[in-house]
Amino acid sequence: MLAGRVALITGGSRGLGAAIARELAGAGAAGAVVDLEEGPAPEGWIALTADVRAEAEVVAAVRSTLEHFSRLDIVVANAGVVPPWSDTDELDLDQLDEVFSINVRGVAATLKHGVAALKERGGAIVVMASLNAWRAHPSQPIYTASKHAVLGLLRTAALDAGRYGIRVNGLGPGPILTGALRDRLERRAADGGLPVEQALADAAAGTALGRMATEEDVARAALFLASDLSSGITGALLPVDGGIL
């Protein structure tokens with residue numbers, strides 16, 4: 001589906017970003033995985049380092065991808081962070097600034113320079129949002145607010161970039177069974193929360209499918225949004241949550 005196309009994926013060397021890179025590579029794409037530290041990349045891809053909080057580093061990553069492959073067709077704005085849980089009356093405003101610098105400023109920079117790079121021939125941008133882009137979660141005011149902002153960014157970008165043949169869509173994962181999620185649940189359990197296996201079972205029971213979505217589920221949805229299969233879709237947020245209704 002993606003033979004001859006080139007992708008750039010921020011936060012692409014681990015977790016969901018790495019799963020998306022593998023999926024796009026399996027569909028024939030080449031490209032660049034971009035992360036804070038140089039990590040693994042699919043065969044035929046390159047690994048770049050950049051901090052999405054620094055606009056100049058995002059610019060450099062886009063430029064390096066264009067110089068190496070002579071084109072860019074797909075941008076996946078995946079880099080993000082999940083802060084510790086806290087109630088609203090316990091908000092750490094310094095932590096809010098840090099999360100927004102990655103989840104919002106980083107996505108804005110990636111959108112800005114992704115659109116600029118895709119203007120000539122069009123393409124697809126996929127933004128990693130969350131189910132928290134449209135619903136709140138107790139004790140998650142910072143993360144929820146940051147993902148609400150991401151939804152606004154992608155919808156506006158879709159309106160601005162459509163005239164260039166650029167589609168901008170988002171992924172809205174629910175809880176995804178990753179090592180990072182298990183680590184967070186272990187920390188919460190140590191602080192008096194639910195045991196890890198109970199928390200995972202409760203999350204699965206809250207879905208229509210009776211299971212948590214996986215990294216592969218999210219990666220396949222990213223492939224759909226990056227490919228011509230979704231050629232008539234832009235400004236949309238695609239839930240990948242096993243059916244949290």
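Legend: residues meeting side-chain hydrogen bond (donor to acceptor under 3.5 Å, both in side chains) with Ser139, ordered by chain and number and at least two apart, are Asp87. Take Arg5 and apply the salt bridge (Lys or Arg N to Asp or Glu O under 4.0 Å) test, not counting sequence neighbours, and it matches Asp228. Under the side-chain hydrogen bond (donor to acceptor under 3.5 Å, both in side chains) criterion, Arg155 pairs with no residue at all, not counting sequence neighbours. Partners of Ser146 under the side-chain hydrogen bond (donor to acceptor under 3.5 Å, both in side chains) rule, at least two apart in sequence or in another chain, are Asn103. By the salt bridge (Lys or Arg N to Asp or Glu O under 4.0 Å) test, Arg71 pairs with Asp73, sequence neighbours left out. Judged as a side-chain hydrogen bond (donor to acceptor under 3.5 Å, both in side chains), and not counting sequence neighbours, Thr144 has no contacts.
Residues in residues 195-222 take part in these salt bridge (charged side-chain N to carboxylate O under 4.0 Å, His left out) pairs, two or more places apart or across chains: Arg182-Glu197, Arg211-Asp217, Asp217-Arg220. The salt bridge (charged side-chain N to carboxylate O under 4.0 Å, His left out) contacts involving residues 44-56 comprise Asp51-Arg53, Arg53-Glu98, Glu55-Lys112, where partners must be two or more places apart or lie in separate chains.
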Item checked: Pair Leu151-Leu237, side-chain contact (heavy atoms from CB on, under 4.5 Å): steps then yes or no -> CA-CA 8 Å; Leu151 180 57; Leu237 184 62; 4.0 Å; yes
Next item on the list: Decide yes or no on side-chain contact (heavy atoms from CB on, under 4.5 Å) for Glu186 and Asp183, but give the supporting numbers first.
Entry: CA-CA 5 Å; Glu186 288 175 350; Asp183 289 343; 3.9 Å; yes
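Counting side-chain heavy-atom gaps under 4.5 Å among Ile, Leu, Val, Met, Phe, Trp and Tyr, Leu245 is found in no cluster with other residues. Through ILVMFWY side-chain contacts below 4.5 Å, Trp85 is grouped with nothing and stands alone. Clustering of Ile, Leu, Val, Met, Phe, Trp and Tyr by side-chain heavy atoms under 4.5 Å joins Leu209 with none of the others. Hydrophobic cluster membership for Leu238: Met1, Leu2, Ile9, Leu16, Ile20, Leu24, Val33, Trp45, Ile74, Val76, Val126, Met128, Leu171, Ile176, Val218, Leu223, Phe224, Leu225, Leu229, Ile233, Val240 (Ile, Leu, Val, Met, Phe, Trp, Tyr linked by side-chain heavy atoms under 4.5 Å, directly or transitively).
Shortest non-hydrogen contact noted between Ala117 and Leu66 is CB-CD1, 4.3 Å. When all heavy atoms of Ile244 and Pro175 are compared, the closest pair comes out as CD1-CD, 3.8 Å. Annotation for Gly31 and Val6: closest pair CA-CG1, 4.0 Å, computed over non-hydrogen atoms. Of all heavy-atom pairs between Ala18 and Ser13, the closest is CB-C, 3.8 Å. Looking at every heavy atom in both residues, Lys147 comes nearest to Ser130 through CG-CB, 3.8 Å. Residues Ala25 and Pro42 approach most closely at CB-CB, 3.7 Å, considering heavy atoms.
Under the side chain to side chain contact (heavy atoms under 4.5 Å, CB included) rule, Val127 has a single partner from Leu153, Val75, Asn78, Leu154, which is Leu154.
The closest donor-acceptor contact from the side chain of Arg167 to the backbone of Ser230 lies under 3.5 Å. Side-chain atoms of Asp35 do not come within 3.5 Å of backbone N or O of Glu38 as any donor-acceptor pair. For Arg163 (side chain) and Asp160 (main-chain N/O), a donor-acceptor pair under 3.5 Å exists by modelled atom type. Proximity of a side-chain donor or acceptor of Thr10 to a complementary backbone N or O of Val34 within less than 3.5 Å is not detected.
Linking Ile, Leu, Val, Met, Phe, Trp and Tyr residues whenever their side-chain heavy atoms come within less than 4.5 Å places Leu96 and Val104 in a single cluster.
In this structure, Glu37 places its CD atom where only 12 or fewer heavy-atom neighbours from other residues, nucleotides or ligands lie under 6.0 Å away.
Counting heavy atoms from C-beta outward, Thr207 and Asp241 have side chains that stay 4.5 Å or more apart. In this structure, Ser86 and Asp92 have side chains that are not in contact, with every pair of non-hydrogen atoms separated by 4.5 Å or more. Counting heavy atoms from C-beta outward, Leu185 and Arg188 have side chains that approach closer than 4.5 Å.
One distance of note links CD1 of Ile142 with CG of Asn132; it measures 12.5 Å at 0.5 Å rounding.
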